[in-house]
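Structure first, commentary second.
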Number of protein chains: 2
Amino acid sequence: MTDRSVLSDFKPGDHDHEACVAVALDTASTVCRERGVRLTPLRRRVLELVWRRHVPSGAYDLLGALRSDGRRADPPTVYRALDFLVENGFVHRLESLNAYVGCGGPGRAHNGQFLICDSCGRVAELEDHAISEIIREKADALGFHAGWQTVEVIGLCGECLGRV
Amino acid sequence: MTDRSVLSDFKPGDHDHEACVAVALDTASTVCRERGVRLTPLRRRVLELVWRRHVPSGAYDLLGALRSDGRRADPPTVYRALDFLVENGFVHRLESLNAYVGCGGPGRAHNGQFLICDSCGRVAELEDHAISEIIREKADALGFHAGWQTVEVIGLCGECLGRV
DNA sequence: TAGTGAATGATATAATGTAATGTTCGAGAT
DNA sequence: ATCTCGAACATTACATTATATCATTCACTA
């Protein structure tokens with residue numbers, strides 16, 4: 001992946017899931033250590049769950065999964081873990097789905113742009129400066145100081161489009 | 001307002017609310033007649049409620065208001081009215097707030113871009129081709145066929161910024 | 001090893017949204 | 001006029017998403 005404006009694309013069904021998840025966990029682990037914050041077992045597990053399914057997860061899906069682990073869990077448990085992961089840029093919240101997806105280029109919480117396939121549910125994440133800049137500029141022109149951008153596009157990914 | 005990429009800006013507190021609401025209702029009325037769909041009393045009332053407050057309204061705020069009218073109302077009542085108003089482009093749903101706001105340039109349901117002031121809650125609506133086009137192009141480049149765009153920007157409007 | 005703040009546990013409830021089914025109402029046909 | 005049919009609305013029940021509050025545990029450190 002040389003074009004870093006594409007943080008994650010639509011993974012083919014046959015890619016190496018395990019490796020993919022492992023990398024995400026390792027990265028998070030490293031970043032947390034550097035940052036002096038704690039990737040506790042719970043937070044790590046939630047991050048893993050989010051990554052393991054390559055489609056966005058609802059909070060209550062994750063809650064169910066935690067309970068399947070045999071762990072006692074209630075809504076605040078999962079929401080707190082998600083808050084932590086979002087704040088630290090390991091997962092993104094998709095506003096139009098009320099769901100969470102792993103971040104393809106974890107760093108501090110950052111603006112991404114999301115392409116959400118209406119058919120297979122998979123998500124691609126962009127971090128495209130041209131997009132965020134033009135939005136910021138247009139807002140500026142109206143005297144508006146942009147803080148956070150939500151850009152989510154619903155449509156069909158190439159693969160699903162081909163299947164029609 | 002000559003620049004039609006700005007459908008509605010941050011109205012000053014002293015603008016003529018009543019006229020503003022009246023125009024919105026008249027426009028909706030006309031459009032519905034042309035289109036052969038019905039702006040029933042309920043739908044009209046919900047549209048009026050949405051416009052009367054110049055900040056986004058939650059579905060349950062509206063539900064409360066309907067009940068204050070003395071009208072019997074339950075969630076499906078207000079959601080159906082809102083669905084109608086959204087489909088016909090009279091109001092927009094703001095995904096990042098789970099709330100609804102009057103549309104500044106009613107037509108068929110259309111993609112807008114929204115600037116949401118985090119301090120006063122007011123919203124400006126853009127319909128900026130440069131923004132929607134670049135998003136569509138970038139999506140296209142990934143083989144993604146964009147259907148619907150959600151673009152919402154949280155920040156501070158000029159007025160609130162000046163007050164800091 | 002006692003103190004401290006972060007993290008989690010636990011309980012309750014709020015807020016948002018939908019499914020399913022029945023009833024009423026209004027426009028056009030007879 | 002009244003019949004018929006589909007749209008709009010009512011009603012009940014429930015599903016989903018999210019937060020408030022307070023207690024407890026845990027990891028670090030002084």
Side-chain angles (χ1 to χ4, degrees), chain A residues 28-29 32-33 35-50 53 55-88 90-101 121 150 152 154, chain B residues 28-29 32-50 55-67 69-88 90-101 121 150 152:
Chain A
S29 186
C32 283
R33 202 172 323 112
R35 219 170 257 171
V37 296
R38 296 166 54 200
L39 187 65
T40 62
L42 172 65
R43 291 165 172 176
R44 184 183 178 86
R45 178 61 176 147
V46 171
L47 180 58
E48 182 184 1
L49 288 167
V50 168
R53 321 180 47 212
V55 296
S57 306
Y60 281 68
D61 295 339
L62 298 169
L63 184 55
L66 288 177
R67 284 170 170 166
S68 302
D69 287 351
R71 180 195 292 269
R72 159 92 204 220
D74 293 288
T77 303
V78 69
Y79 279 105
R80 278 190 299 237
L82 286 169
D83 286 348
F84 172 86
L85 295 170
V86 169
E87 273 166 25
N88 284 279
F90 302 131
V91 311
H92 290 289
R93 175 180 166 82
L94 300 178
E95 297 293 346
S96 55
L97 301 180
N98 292 342
Y100 299 81
V101 68
T150 298
E152 298 175 11
I154 307 291
Chain B
S29 187
C32 283
R33 202 171 322 112
E34 287 169 2
R35 219 171 256 171
V37 296
R38 296 167 51 201
L39 187 64
T40 62
L42 173 65
R43 292 165 172 175
R44 183 182 178 85
R45 178 62 177 144
V46 171
L47 180 58
E48 181 184 0
L49 288 167
V50 168
V55 296
S57 306
Y60 281 69
D61 294 340
L62 297 169
L63 185 55
L66 289 177
R67 284 172 169 168
D69 286 353
R71 181 196 291 271
R72 160 93 204 222
D74 291 287
T77 302
V78 68
Y79 279 107
R80 276 189 304 244
L82 286 169
D83 286 348
F84 171 87
L85 296 170
V86 168
E87 273 166 23
N88 284 279
F90 303 131
V91 311
H92 290 289
R93 175 179 166 82
L94 300 178
E95 297 293 346
S96 55
L97 300 180
N98 291 344
Y100 299 81
V101 70
T150 298
E152 299 175 8

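Residue numbers start from 1 in every chain, and the chains themselves are labelled A, B, ... in the order their sequence lines are given, proteins ahead of strands. From a predicted model like this one, the values you see are computed outputs, not experimental measurements.
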From B/Asp61, B/Val91, B/Asn98, B/Leu97, residue fulfilling side chain to side chain contact (heavy atoms under 4.5 Å, CB included) relative to B/Pro56
B/Leu97
Do the charged groups of B/Arg67 and B/Asp74 touch, with an N to O distance under 4.0 Å?
yes
Between B/Tyr79 (OH) and C/dA15 (P), how many Å, whole number?
12 Å
Separation of A/Asp83 atom CG from C/dA7 atom P, in whole Å?
12 Å
Measure CG/A/Leu63 against C1'/C/dG9 and give the value in whole Å, please.
13 Å
Strictly below 4.0 Å: does B/Asn98 bring a side-chain N or O up to OP1 or OP2 of C/dG17?
yes
Over 60° means perpendicular and under 30° means parallel, so classify the ring planes of A/Phe90 and A/Phe84, tilted if in between.
tilted
Tell me the interatomic distance from A/Arg45, atom CZ, to C/dG9, atom C1', rounded to whole angstroms.
19 Å
Can A/Tyr60 be said to stack with the base of D/dT16, given centres closer than 5.5 angstrom and planes under 30 degrees apart?
no
With a 4.0 Å cutoff (strictly under), does any side-chain N or O of B/Arg93 reach OP1 or OP2 of C/dT16?
no
A/Leu94 CG to D/dT17 C1', straight-line distance once rounded to whole Å
15 Å
List in chain and number order the residues that pass salt bridge (Lys or Arg N to Asp or Glu O under 4.0 Å) with A/Asp83, two or more places apart in sequence or in another chain; answer none if no residue qualifies.
none
Protein-nucleotide distance (A/Leu39, atom CG; D/dA27, atom P), rounded to Å:
14 Å
To the nearest Å, how far apart are A/Glu95 CD and C/dG17 C1'?
16 Å
How long is the straight-line distance from OG of A/Ser96 back to CD of B/Glu95, given to the nearest 0.5 Å?
5.5 Å
How long is the span from the CD atom in B/Glu152 to the CZ atom in B/Arg93, to the nearest 0.5 Å?
9.0 Å
Take the protein atom CG of B/Asp61 and the nucleotide atom P of C/dA15, then report the distance between them rounded to whole Å.
10 Å
Rounded distance (nearest 0.5 Å) linking atom OH of A/Tyr79 with atom OH of A/Tyr100
6.0 Å
Give every pair of a protein N or O atom and an N or O atom of nucleotides 6-13 of chain D that lie under 3.5 Å apart, one pair per line with the distance.
unit_1	atom_1	unit_2	atom_2	d
D/dA8	OP1	B/Arg43	NH1	3.2
D/dA8	O5'	B/Arg43	NH2	3.3
D/dC9	OP1	B/Thr40	OG1	2.4
D/dC9	OP2	B/Arg43	NE	3.4
D/dA10	N7	B/Arg80	NH2	2.8
D/dA10	N6	B/Arg80	NH1	3.1
D/dT11	OP2	B/Arg72	NE	3.4
D/dT12	OP2	B/Arg72	NH2	3.2

